[in-house]
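Heavy-atom basis, side chains included; hydrogens, waters and symmetry copies ignored. Numbering of ligands and ligand atoms starts at 1, following listing order.
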Amino acid sequence: MKRREILRGAGLATAIAGLAACGGKTGPAAQSGPDLKLKWKMATAWPTNFPGLGTGAARLAELITQASGGRITVKVFGAGELASAFEVFDLVSRGTVQMGHSAAYYWKGKLPASPFFSAMPFGLNAQEMNGWLYAGGGIELWRELYAPSNLVPFPGGNTGVQMAGWFRKPITSVADLKGLKMRIPGLGGEVMEKIGVTPVNMPGGEIFSSLQSGAIDAAEWVGPYNDLAFGLHRVAKYCYYPGWQEPGSALECMVNKEAFEALPKDLQSIVEICCQTVNSQMLAEYTTRNQEAYDTLRNQHGVQFLPLPADVLAALRQAATEVLDAAGAADPFSAKVLASVRAYQARAKAWHLISEEAFYDARR
Ligand code: CA
């Protein structure tokens, strides 16, 4: 009896706190001032504090809480805590939570153009992705795509170029890939399908057990830093490069549109600036930790890092062109985004040939 009363009391307190946190629909004026105390929830597509991705989301929550002087307190929920990794979009869109941290290509089934804002096969690397998003019109297109879903997206991290994936047997030709069941999401999965692979999408947390049980034959996740954390080297010994499917994957921070627009301008800026901070910090973290994990995987675990054969890459490149052309033909918004990315990439390639690439060659 007493326990029930306590629970009821706690429920009421939570309800009151919830109402105070939401601030109702009374507009920005009611939400300004130093006494503002918003309690936001952030749903993420990653295990809590998973290296790079989960820690990036946690850092973002901490930064917003600190920079706002506690006017917004953000609590992070890992994949599966509120809902599955693939429900983050809906949770934020509905306003069940105010923020989400995930990757845009997870929403391909809802918004066919969404993958272009995370990774395009044989597309932009991290530096170019940031260039396109921040200075080349990318964010504007992303906002336009997400607005009808009641979401405001921000770049929320970047992994840099990923690895092509883990295989149990060596890949010496396109024939070796045929018939394999591989975890590979987004447009990369469609490309693999064209050359005979069965692509599967699943949250990162399920990859190890699926590889171990034989439910899948191969998997791509991110790269040494993250793949070591999941122990993928314990179930596959061959790691292939380069990550043609994800040359510079952008992560996303999504904010519920009403929650964002109800913020006073300074708090809107704080959210935006904190996202930008995490975007660059995460790339710095991947750049550094991947080097260390690469060394560990190679020298302590005997992993073989191998380049995909040239003819396999050529087949994938050809399939990627067809997949991208088809994506553009099937959906007008995808066509618009694809035109923007391709134009950007053509200029970036020409410029980087005499800048970044020329320097890499010179440094060798
Ligand atoms: Ca990946």
> Looking at the Ca ion (ligand 1), which N/O/S atom of Glu220 is the nearest one?
Replying inline: OE1
> Between the Ca ion (ligand 1) and Trp221, is there an N, O or S atom separated by less than 3.0 Å?
Replying inline: yes
> Strictly under 6.0 Å, is that where the ring centroids of Phe305 and Tyr241 end up?
Replying inline: no
> Any ion pair linking Glu285 and Arg59 (charged N to carboxylate O, less than 4.0 Å)?
Replying inline: yes
> Which atom, among the N/O/S set of Glu246, is closest to the Ca ion (ligand 1)?
Replying inline: OE2
>> One thing to verify: whether Asp325 and Arg342 come together as a salt bridge, which I'm taking to mean a side-chain N less than 4.0 angstrom from a carboxylate O.
In response: yes
> Do any N/O/S atoms of Gln162 come under 3.0 Å of the Ca ion (ligand 1)?
Replying inline: yes
>> Any carboxylate oxygen within less than 4.0 angstrom of a Lys/Arg side-chain nitrogen, looking at Glu292 and Arg289?
In response: yes
